[in-house]
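The figures that follow rest on heavy atoms only: side chains count, while hydrogens, waters and symmetry mates do not. Positions are given from 1 along the sequence.
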Amino acid sequence: MDTEIKKIISGNLDVVSESLNNFIEHNAAVFTFKELNGDLRKDLWRALFTYISDDSKSHLHISALTAVRILSREKNGLDQLVTAGDLDLLLERGNLKSDRYDCNDHSVIVESLKCLCNIIYQSRIAATISSTNGSLEGIMNRSKKYKHLPNDVKTFDMKLLFLITALCRNTRPTVKEDLHGLTYLIEILEDIAEGESHNSDVNMLSDQGTDLACETLKVLFNLSIQADSWSSVDEEDEIRYVKLVGILHKLLIIQTESADKRLELHSQVVNLLTNMPATCYSALFMPAEDNVAKDLQYEEQNMNAVMELCNFLELRFRNEVTIQNQQELLSPVLIVLLKAVKSSRIIRRYLRLKILPPLKDVHNRPEQGGTVRNSLCRLLTTPITNVRDIVADFLFVLCKENVGRMIKYTGYGNAAGLFAQRGLLGGGKPTEGRYSSDSEDSDTEEYREYKHGINPVTGCYDPPRPSPTANMTEEQKEYEAMQLVNLMDNLTRQGIVQPCRIGEDGRPQPIEHVLQLQESLLNDQPTNIHDSK
């Protein structure tokens, strides 16, 4: 391969074209170039850009650009190779310095954009240069003419815009405000949702349309990353965000050519929804038409998009979520669902019916099984605290922040962490005042039949068992009790456990001696789940 590289560097036009093709074929799947020492790689890089810059060698442009894209896969040493002039040349070949799109150079444009994406991703210096060299302005100017441009050009434009706004945070206000990026990108997304269908009879996105939508959503995520944390959103931005959530609604229910593409689309929609102000979540449902399935209707509203969010969560659970990837896979959709049930009574009540329907299975623990409720209950004891806290809040809101109802559906043991944080270990006071007063809970026949024997700690029915102390004398019982006290005291002295009792604030309060547990034993009993429905 050294021979081919030297031929490319030589500039001999009789052999350059063939050598470029050989280089590309040989390195099509290569990502590191150990055989290229510093000088040889630099000489090859400069030779390639010499060919790209020469209009008289247009027949070499595609091959030279492809070679540059391959070389830019290796991060090491790239900062020393790239110059501002190289990036300007790629912008020119990518047609981002012109107000007119030259359809005759389509392949060159796409390959130039691929090179820019690779280089900016691998080089922080290149990213910094691109934040001020007209790249942003070029992309936003071209976005105004997207209705007449090929999908691959638009997709790589969005990839490039995402990389620059991701790596250079200072560009986000510029794109959002000065270049009116939020407005233009919402329009692009709207065109995709409404006009990208390749079949007039079926509302379906092509794979290329889905790719463009995903890349556009990623840019919008960067531009709106602080939206939900602002103390107040100005009226103009709020109007934009309501419109945007309405478009996200459409993207959630639209069909795609492939299932994998739909999963990726929903993932990006969920990510962007985490940034949206909760006040905009009402755009996730709309009045139901006559042809909407009954299970997707609630209070005469079409809940299709909300159900898709629930299905997305269920699909995440099915894909064998591990402790290592819980944060990445589950946090975004859980945050969205939590914000949704907090912001909308209709969404909360609908998801309550879907996730916490009236109990029928009372023989298995809440964390046992394959339903969404079972999976959420398992997460109440996950070591990933962020996920655990979001799930606990979500379930608690679904239960209208009623301690008895939470115990009924999750078991006191699973919910103890939430109760401890909120000072509700002793039962606490009902906080249903912020919710509608009408009851959303009704017991099934199965639940009523076994209600008397449900263990509030485990959350399931415990069949009657003989008491282990039934045949003991009072002296034997006292002896066994003292043995237990001594064992707990030894564990406490060794620092293995820290016994607590429930304080006046409803939170765990460490004790100095195990006998102090007797003082508040009667007050520490969990709320009877039968007292509240």
Side-chain angles (χ1 to χ4, degrees), residues 310 313-323 326 329-330 333-334 337-338 341 351-422 424-428 440-468 497 500 502 508 524-533:
C310 192
L313 174 62
E314 186 173 6
L315 191 59
R316 284 288 199 239
F317 286 136
R318 288 180 188 170
N319 290 341
E320 298 184 4
V321 175
T322 65
I323 291 177
Q326 277 181 9
L329 293 183
L330 297 178
V333 64
L334 289 171
L337 290 173
L338 175 59
V341 296
L351 287 179
R352 165 73 192 278
L353 288 175
K354 297 299 179 182
I355 296 175
L356 299 180
L359 280 177
K360 291 184 177 181
D361 181 10
V362 295
H363 293 283
N364 293 307
R365 294 190 176 197
E367 66 271 21
Q368 295 174 333
T371 67
V372 174
R373 166 183 165 247
N374 301 143
S375 299
L376 290 171
C377 286
R378 284 194 289 272
L379 290 175
L380 289 173
T381 53
T382 178
I384 309 302
T385 56
N386 183 51
V387 173
R388 180 196 67 202
D389 293 345
I390 297 171
V391 170
D393 284 346
F394 175 58
L395 289 171
F396 201 39
V397 172
L398 287 184
C399 293
K400 296 169 69 172
E401 300 188 35
N402 180 287
V403 172
R405 190 177 285 123
M406 183 75 169
I407 293 172
K408 174 180 176 180
Y409 282 97
T410 69
Y412 187 88
N414 288 325
L418 171 75
F419 296 156
Q421 286 183 343
R422 297 200 178 196
L424 299 172
L425 281 174
E440 300 169 24
D441 207 357
S442 60
D443 293 341
T444 61
E445 291 183 10
E446 294 90 339
Y447 183 80
R448 285 195 294 268
E449 181 180 354
Y450 294 99
K451 185 176 182 178
H452 65 282
I454 292 178
N455 184 335
V457 175
T458 61
C460 68
Y461 175 74
D462 277 349
R465 295 184 180 89
S467 171
V497 296
C500 296
I502 300 174
D524 287 351
Q525 297 299 318
T527 301
N528 191 324
I529 63 172
H530 314 315
D531 293 341
S532 174
K533 295 182 181 179

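Atom CG of residue D443 and atom CG of residue L359 lie 8.0 Å apart, to the nearest 0.5 angstrom. Between the CG atom of D389 and the OG1 atom of T382 there is a distance of 10.5 Å, given to the nearest 0.5 Å. Considering CG of L337 and CD1 of I355, their distance stands at 6.0 Å, rounded to 0.5 Å. In this structure, the separation between OG1 on T385 and CD1 on I390 is 9.5 Å, given to the nearest 0.5 Å.
What you find for L418 and F396 is that their closest heavy atoms are CD2-CG, 3.6 Å. Smallest separation of non-hydrogen atoms from C399 and L356: SG-CD1, 3.8 Å. Looking at every heavy atom in both residues, R405 comes nearest to N402 through N-OD1, 2.8 Å. Residue L380 comes nearest to R388 through the heavy atom pair O-CG, 3.2 Å, listed as atom of the first residue, atom of the second, then distance. Scanning both residues, P456 and I407, for their nearest heavy atoms gives O-CG2, 3.5 Å. Considering all non-hydrogen atoms of both residues, L338 and V341 come closest at O-CG2, 3.2 Å.
Counting only heavy atoms from C-beta outward, the side chains of I454 and V362 approach each other to under 4.5 Å. Counting only heavy atoms from C-beta outward, the side chains of M406 and Y412 never approach each other to under 4.5 Å. At a threshold of 4.5 Å between non-hydrogen side-chain atoms, the residues P508 and L425 count as touching. Using a 4.5 Å heavy-atom cutoff, the side chains of L334 and Q326 are not in contact. Residues L351 and C310 have side chains in contact (heavy-atom distance under 4.5 Å, counting atoms from C-beta outward). Residues L313 and L330 form a side-chain contact, since some pair of their non-hydrogen atoms from C-beta on lies under 4.5 Å apart.
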Side-chain polar contacts of residues 370-379 - donor-acceptor pairs under 3.5 angstrom, sequence neighbours left out - could you list them?
| residue | atom | partner | partner atom | Å |
| --- | --- | --- | --- | --- |
| T371 | OG1 | N374 | N | 3.1 |
| T371 | OG1 | N374 | OD1 | 2.7 |
| R373 | NE | Y409 | O | 3.0 |
| R373 | NH2 | Y409 | O | 3.1 |
| N374 | OD1 | G370 | N | 3.3 |
| N374 | OD1 | T371 | N | 3.2 |
| N374 | ND2 | P366 | O | 2.7 |
| N374 | ND2 | Q368 | O | 3.3 |
| S375 | OG | T371 | O | 3.2 |
| S375 | OG | R378 | NH2 | 3.1 |
| R378 | NH1 | E367 | O | 2.7 |
| R378 | NH1 | G369 | O | 2.8 |
| R378 | NH2 | G369 | O | 3.4 |

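By the 30° and 60° cut-offs, the orientation of the rings of H452 relative to Y461 is perpendicular.
Counting only residues at least two apart or in different chains, side-chain hydrogen bond (donor to acceptor under 3.5 Å, both in side chains) contacts with residues 353-362 comprise D361-N364. Pairs engaging residues 365-394 under the ring-ring contact (aromatic ring centres under 6.0 Å, His included) rule: none recorded [sequence neighbours left out].
Taking the centre and axis of the six-membered ring of Y447, the NZ or CZ atom of K408 falls inside the cone set by 45° and 6.0 Å.
Counting only distance, with no hydrogens or angles, the side chain of R316 and the backbone of V321 share no donor-acceptor pair below 3.5 Å.
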